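Order of the sequence lines fixes the chain letters, A, B, ..., with proteins taken first and strands second; residue numbering starts at 1 for each chain. Given the structure is predicted, the values throughout are model-derived calculations rather than measurements.
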Amino acid sequence: MKGKQILSAIAAVLALLLAAAMPALAEEKNDIVIGGSMPLTGPFAFAGIQFNRGLRDYMEWLNEQGGIEGRKVRYVAEDTGYEPDQSVAVFRRITSRENVSFYFGDSTAFHQTINRELDRRDIMMTGASFASELNDTERYPLQFMHGPDYSEQVAILLRHIAEEDPGARVAFIYSDTEFGRDPISAGRETAEELGLEVAARIVTPPGAADISSAALELRRARPDYAIFHGYILAPIPDFIRRARQMGMETRFMGTYYSMDQSIIDEMGEAADGFMGVMPYRYFYEEDAGESELMRAIHERNDEYQTIYYIQAWVAGSMMAQIARETLARGEPLKGSRMRASMEGLDEVDTGGVIGVPVRFRGNSLPVGRIYRADVEAGRMVPVSDWIDLD
Amino acid sequence: MRIGSAKESYIADEALFATRTQWVWFALLLASLVLFPFVSNLYWLYLACLVSINVISATGLNILTGFTGQVSLGHAAFMGVGAYTVAWLDNNAQTPFYLNLLAAAGVTTAVGLVAGLPSLRVKGLYLAIATIAASFILQFVFINWESVTRGTRGINIEPPEIMGIVLDNPDTFYWMVVPIMVVMVLLAANLFRTRVGRAFIAIRDRDISASVLGISLPAYKLMSFAIASFYAGIAGGLYAYFMGSINPESFPLLMSIFFLAAIIVGGMGTILGGILGAIFMTLTPEVLRYGVDLASPFIDEPGAVLSPVRTIVFGALIVGFLLFEPHGLAEIWRRIRRFFHLWPFRT
């Protein structure tokens, strides 16, 4: 090895050490900092990129409005690749430089892992996971969801079914993952309470491309309704096409993460009539003008914005409200204090993106509305009122 | 410059550290490991703990794959067995953490022995597939044995406690995981000074010749699986304690590939290779974040724009190493050492 190469190797090592020792950048002391472990790459990037844009745009908008009680808000996030190890690393990296008040997480595993650390650092967190497991105020006192958890989403769907078609036969189709299995046992109980019959529970292996045997199982069960959970898009289109080919009349439904406009754009004709639960308004909704937040979103964007982008705005607006409430009480922005002021809220400010007044039940907001894919109109249209499980 | 290293006995020939200089360097390394927590923040301590766990696991896989030549893609699942053993004991028995860790290693060793049985008949790619099967079966068990694993909901683990000090943060956990890592690595290094270790190498180089030399292939192959699983069990148990929460998706097949990549990039069949590979694979994506930081004054939204680039650079670095440094990082290390040994003369 030549001397030059060695020198460059040594230089590289020195650079690394310097980088490691680099002191935290001096920042405005008075800023309210919102950190984020964002899945900008990896399997969840389609939503992560939108969360990131949404939170950034919301904070920009909020600062234009004068921030929170005159204090500026700063959003600091980094990529995690949707890996819990990296999500924790990002959390450590951001919290070692900044005095973070709020945090946005990216996966259920991360929400669970970081919980201890949240308690210690007294940081409030929300995020992409609507896992029922997290809806436990004893175990996760510093976490909240900005929508209904997965079990509640399924319960909203079931309640709609029970009203529309009492005694109907329902099937659950879900992926064999933490995400997919989440609401199934609670869903079965809710169905029984509502007088619905659970005709089948069909589980598909994670990432399975071939669903022929599952489709046959569905045909044998011949349910009136089938609820998908644990998928984004695939294999929902395939299921629906096969069911139509077999002449089945089953009505298909989905939960939040499979409810973006892309289901119509990518599925075409077959999507017609697909229904699902949505806690937020869509970008193109006609009465969107009623909502302050939706107006702000429209001012900034001419083109369609995904549900994840809007979700991030709602999350941001709830953080801002909790911070405002806590400061109004003369308390510091510490997680435990913010939790207390959060529980004191009579009404959660969603900027009108959720169409009815809502408040926390446990860690979640158990409210949503049923939307149906109208392929001719090319958009999702509401078919029910806002359903509040409270 | 080093002039001659005449060895007069077999013991001297087998020694881990041949010269006094090496002992000095080793002492310096240990000293810097001791000093590290005092000069770094929680982010770097978190990474140090993660690296230590990965070094233990990679060293285990290196014994099996690098030294014995048995390809395994079930390593992450074995870590899962260790992690779940710790989690179950932590939630159901009031045993101290070191017993839990040992139990994790024990259970994983037993599982590894069973998973290693196919190695008696198949090798190479076939064995890789057989170990993937073991990995899938274990994954299925993690998901469906709900009474023990709590299924997909995941299971929480309380942090370990030593003499009243709760090791619930990287700055305290460091003092447990790094000594364990050092001991495990030294044990592995010493293994190859014994008959067992040499038998492993003989099997890797030519199994038929090894058996002609009187090495019992079934016994030693299984022993290699057992030792590798022991390491995976310890690493998995530490991972469970460190993360505080695990679920069946904590140990995906991709993680097994991560460790295989680590020992290939680091250098198969050298102890140093496993260490350097684990450090490289864990830290490179993090260090590349500083590239993103550096670009931030020049690019709007560097996080969103450069994150995919970061992934690509990481991939390109791995390919680069395989192309230009097929013997891994350990070989670079050796070359640097040789340079100083021969200095001021040219190689």
Side-chain angles (χ1 to χ4, degrees), chain A residues 1-3 5-6 9 15-16 19-22 24-25 36 38-42 45 48-49 52-53 56 76-81 83-86 88-97 107-117 120 131-133 139 176-182 206, chain B residues 39-47 50 54 140 143-144 150-156 158-159 168-170 239 242-250 252 254-255 282-283 285-287 289-294 301 303-312 332 335-336 338-340 343 346-347:
Chain A
M1 194 179 199
K2 291 191 188 109
Q5 279 171 300
I6 297 231
L16 265 179
M22 201 162 62
L25 297 166
M38 286 289 169
L40 299 175
T41 56
I49 292 169
N52 189 49
R53 279 188 53 236
R56 186 200 60 197
V76 188
E78 279 179 44
D79 176 41
T80 66
E83 284 177 28
D85 291 2
Q86 281 201 43
V88 177
V90 168
F91 179 92
R92 297 277 182 195
R93 193 166 192 261
I94 293 177
T95 51
S96 67
R97 301 172 162 192
S107 64
T108 308
F110 171 64
H111 280 248
Q112 290 175 325
T113 297
I114 208 66
N115 191 49
R116 220 154 63 188
E117 195 56 23
R120 190 193 346 261
S132 314
E133 173 78 12
R139 270 168 101 166
D176 198 1
T177 56
E178 169 266 319
F179 175 29
R181 284 170 171 261
D182 182 293
Chain B
V39 295
S40 82
N41 62 22
L42 283 174
Y43 166 60
W44 284 99
L45 282 171
Y46 167 79
L47 290 178
L50 201 60
N54 286 344
F140 181 84
I143 293 178
N144 291 290
R150 289 188 82 233
T152 50
R153 285 170 300 165
I155 186 165
N156 291 326
E158 287 301 311
D168 57 349
N169 218 17
Y239 185 88
F242 186 50
M243 286 295 166
S245 153
I246 51 167
N247 70 41
E249 285 157 43
S250 307
L254 207 60
M255 195 172 175
T282 318
L283 287 190
E286 294 299 323
V287 170
R289 287 187 197 283
Y290 285 97
V292 178
D293 282 0
L294 288 179
E301 276 299 296
V305 179
L306 290 181
S307 294
V309 179
R310 197 170 63 99
T311 317
I312 294 167
I332 298 182
R335 226 180 296 137
I336 293 175
R338 200 161 50 226
F339 173 85
F340 283 106
W343 190 84
R346 286 192 63 134
T347 43

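Defined by atom type and a distance below 3.5 Å, a donor-acceptor pair is present between the side-chain atoms of Thr108(A) and Glu178(A).
No donor-acceptor pair under 3.5 Å is formed between the side chain of Asp182(A) and the backbone N or O of Ala131(A). At distances below 3.5 Å, at least one donor-acceptor pair connects side-chain atoms of Arg289(B) with backbone N or O atoms of Asp79(A).
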### Intermediate values then yes/no, side chain to side chain contact (heavy atoms under 4.5 Å, CB included), Met243(B) and Leu50(B)
CA-CA 10 Å; Met243(B) 286 295 166; Leu50(B) 201 60; 4.1 Å; yes
### Message
One pair to check against side chain to side chain contact (heavy atoms under 4.5 Å, CB included): Phe91(A) and Phe110(A). What are the steps and the verdict?
### Response
CA-CA 10 Å; Phe91(A) 179 92; Phe110(A) 171 64; 4.1 Å; yes
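Comparing Asn169(B), Asn247(B), Ile143(B) by how many heavy-atom pairs each has under 4.5 Å with chain A, the most go to Asn169(B). Your options are Arg116(A), Glu133(A), Arg139(A), Met38(A), and the one with the most heavy-atom pairs under 4.5 Å with chain B is Arg116(A). Put simply, of Ile94(A), Val88(A), Asn52(A), the one with the most heavy-atom pairs under 4.5 Å next to chain B is Val88(A).
Here the OH atom belonging to Tyr290(B) is positioned 12.0 Å from the CZ atom belonging to Arg310(B), to the nearest 0.5 angstrom. Put simply, OG1 on Thr282(B) and CG on Asn54(B) are 4.0 Å apart, with the number rounded to the nearest 0.5 Å.
Tyr239(B) touches chain A through its side chain: at least one heavy atom from C-beta onward sits under 4.5 Å away, while N, CA, C and O do not. Gln86(A) touches chain B through backbone and side chain together, each having a heavy atom under 4.5 Å away. Heavy-atom distances place both the backbone and the side chain of Gln112(A) under 4.5 Å from chain B. Neither the backbone nor the side chain of Arg53(A) comes within contact range of chain B; no heavy atoms are under 4.5 Å apart. Looking at Leu42(B), the atoms closer than 4.5 Å to chain A (heavy atoms on both sides) sit in the backbone and in the side chain alike. Heavy atoms of Asp176(A) lying under 4.5 Å from chain B belong to its backbone as well as its side chain. Using a 4.5 Å cut-off between heavy atoms, Asp85(A) touches chain B through backbone and side chain atoms alike. Of the two parts of Asn144(B), only the side chain, counted from C-beta on, holds a non-hydrogen atom closer than 4.5 Å to a non-hydrogen atom of chain A. Using a 4.5 Å cut-off between heavy atoms, Ser40(B) does not touch chain A at all. With a threshold of 4.5 angstrom between heavy atoms, Pro159(B) approaches chain A through its backbone and through its side chain.
Contacts of Thr177(A) classified as side chain to side chain contact (heavy atoms under 4.5 Å, CB included), with partners at least two apart in sequence or in another chain: Ser175(A), Phe179(A), Pro206(A), Glu249(B). Residues satisfying the salt bridge (charged side-chain N to carboxylate O under 4.0 Å, His left out) criterion with Arg93(A), sequence neighbours excluded, are Glu78(A), Asp293(B).
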